[in-house]
Amino acid sequence: MAKEKSTGKAKFHPLEMALRQLDIAARKLKLDPDLHEKLKYPQRVLQVAIPIRMDDGHLRVFKGYRVQHSMERGPCKGGIRYHPEVDIDEVTALAMWMTWKTAIVNIPYGGAKGGVVCDPSKLSRFELERVTRRYTSEIGIIIGPDRDIPAPDVNTNPEVMGWIMDTFSMNAGHSVPGVVTGKPISIGGSRGRLEATGRGVVYIAEEAADYTGMDLSSATIAIQGFGNVGSNCASIFYDKGAVIIAVSDVDGGVFNREGLNIPRLIKHVKKTGSMRDFKGAKNISNSKLLELKCDILVPAAIEGQITERNAGRIRAKVIIEGANGPTTTKADAILHRRGILVVPDILANAGGVTVSYFEWVQSLQSYFWEESEVNEKLKKVMVNAFREVVRIMEEHKVDMRIAALMLGVGRVADAAKDRGLYP
Ligand code: NAD
């Protein structure tokens, strides 16, 4: 049985959830049982030991993983997460979601994910760099520009991607910028990549607002998580005039019904290291933030935040999943019954992997685009994907997650069928 993760009081099983979603999509698609069977399993799972010298001279061994779920449609693609609760079931589920996500936005990749069991807040910068370099070297046997291309995820950033690119390049004996995306612009990163997931969430919100007859320029928005995804989508929503009533991070959040000044909040977080006690706002817990009355709720932190325990109390009209797996299957059913539109992670947060794809293309060609070109192409991809998913949702009378899964799983199954079975 898939391993349990604790999310507050509720129990959350990411792999069980991912497999159940695949079953639902397979049933709706009347998928060939052989193809269904094949798609249940990750193609490759690599577990590595990462022994590093800590700053005080003692040796510590960290555990790391890289899971390649599918390469039916192209090289594998997926982020690397540093978190104390990383485990093989979570990484496998995230890799499977990456397979469907790349297919939904129709970019030529399969799905993968990586993780290192560690708490980066308890490591020095040099320890983190040594963990990254040794992990890269260990997974170096299965990654590469035409095999598997990592990217940032929870607690990893452009600096970490730079160390990955450098380590892989040192081992290869020449620069290999296409091995990783989300890297600094100075070494072949793409303009617009840092903001891409948040920007994609906003493009999807514009489509969802249009679809539900909501005026986004005056909509009230609550965002859980203020890292790469949460803070960028908050800034972009703010610039568009939307009213951000609450945001939070792991230590809790802040709330103002009239709207928060996001640029000032970012300065406050930089200065104090926390969003607590922001002038003109009330402190609020993460659980209260999720239950605020608002037009759009963006969970942009971690998995398992909306469960059967709180789904009945959610008062948003639309939920746009910036994070991966924030809503459990039981919660999904409750929200659907209550008429709340949930735009699923595999569609809503696909802006990151889409611009990662653009970065990879630019790295391979050594020809770099203006940010406006990146954003314009991103918008086209996100809008097309949203509209295709809506078409399936209406045609098959299913919720949006199932519609997105049908699109993604269907495309991967077509590729698997056309490639045939080896040997
Ligand atoms: P990040 O590390 O930059 O930020 C994570 C944020 O979540 C931080 O503000 C942190 O304080 C907060 N957080 C962590 N644990 C929390 C908890 N228990 N309760 C409330 N808040 C908590 O990570 P990120 O890159 O912004 O990723 C956030 C989510 O988006 C993840 O699910 C990730 O898989 C997904 N995602 C990220 C990208 C990307 O390009 N970075 C792309 C697609 C999906």
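Start at 1 and go down the list; that is how both ligands and their atoms are numbered. When reading the values below, keep in mind they use all heavy atoms of this one structure, side chains included, and skip hydrogens, waters and symmetry mates.
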Q) Counting only heavy atoms not in E258, do more than 12 fall under 6.0 Å of its CD? A) no
Q: Scan residues 231-273 for pairs that pass ring pair (Phe, Tyr, Trp, His ring centres under 6.0 Å), counting only residues two or more places apart or in two chains.
A: H268-F278
Q) Does the cation-pi check pass for K377 over W369, that is, NZ or CZ under 6.0 Å from the six-membered ring centre and within 45° of its axis? A) yes
Q: List, ordered by chain and residue number, the protein residues whose closest non-hydrogen atom lies under 4.0 Å from any atom of ligand 1.
A: R81, D153, V154, N155, R193, T197, Q224, G225, F226, G227, N228, V229, D249, V250, N286, A300, A301, I302, G322, A323, N324, N349
Q) Among E359, Q362, K77, which one satisfies side-chain hydrogen bond (donor to acceptor under 3.5 Å, both in side chains) with T181? A) K77
Q) Is the shortest side-chain N to carboxylate O distance from D295 to R315 below 4.0 Å? A) no
Q. How about N106 and R73: does a side-chain donor come under 3.5 Å of a side-chain acceptor?
A. yes
